[in-house]
Amino acid sequence: MSKSYEQLVKRVQKEIGSPGAQSKHCVEIRRREDDSADDWARMLEDLGTVENVTVIPLDDNAEHIRLRWNPEESMA
């Protein structure tokens, strides 16, 4: 796993773990200038495999996304 990918995943995990995101079960994330396109695409692919998580593209390039999750289903 590349260092840049690890940093991207950590940043996204931090945003997902924020109190606001946790209370709404939803967070919006944007690709930054310094995020590699390959890392971003890989992260979206990885997120797409997580149960009870929905990735919603908010622009044509999926560089601005909304993640939604259902905590009740993930506890089942």
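In this text the structure is predicted, and so the values were computed from the model without any measurement. All heavy atoms count here, side chains included; hydrogens, waters and symmetry mates do not. Count residues from 1 along the sequence.
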Show, in sequence, the C-alpha distance, side-chain angles and deciding distance for Ile56 and Leu58, and conclude whether the side-chain contact (heavy atoms from CB on, under 4.5 Å) test is met. CA-CA 6 Å; Ile56 304 158; Leu58 299 176; 4.3 Å; yes

Arg11 vs Asp35, salt bridge (charged side-chain N to carboxylate O under 4.0 Å, His left out): CA-CA, chis, key distance, verdict: CA-CA 11 Å; Arg11 186 180 99 226; Asp35 293 330; 2.9 Å; yes

Test side-chain contact (heavy atoms from CB on, under 4.5 Å) on Leu8 and Arg32; report intermediate values, then the result. CA-CA 9 Å; Leu8 174 60; Arg32 290 187 187 161; over 6 Å; no

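To the nearest 0.5 Å, atoms CE (Met43) and CD (Glu45) are separated by 11.5 Å. Note that the OG atom of Ser36 and the CZ atom of Arg31 stand 7.0 Å from one another [nearest 0.5 Å]. Atom CG of Asn70 and atom NE2 of His25 lie 7.5 Å apart (nearest 0.5 Å). The structure places CD1 of Ile29 at 4.5 Å from CG of Leu67, a figure rounded to the nearest 0.5 Å. Between the CD atom of Gln22 and the CH2 atom of Trp69 there is a distance of 5.5 Å, given to the nearest 0.5 Å.
Partners of Ser2 under the side-chain contact (heavy atoms from CB on, under 4.5 Å) rule, at least two apart in sequence or in another chain, are Ser4, Tyr5, Asp39. In this view, Asp59 and Asn61, Glu63, His64 satisfy the side-chain contact (heavy atoms from CB on, under 4.5 Å) rule, not counting sequence neighbours.
Taking the side chain as every heavy atom from C-beta outward, Arg42 and Asp38 never approach each other to under 4.5 Å.
Distance alone, capped at 3.5 Å, places no donor-acceptor pair between the Glu15 side chain and the Val27 backbone.
In terms of heavy atoms, Ala62 sits closest to Leu44 at O-CD1, 3.7 Å.
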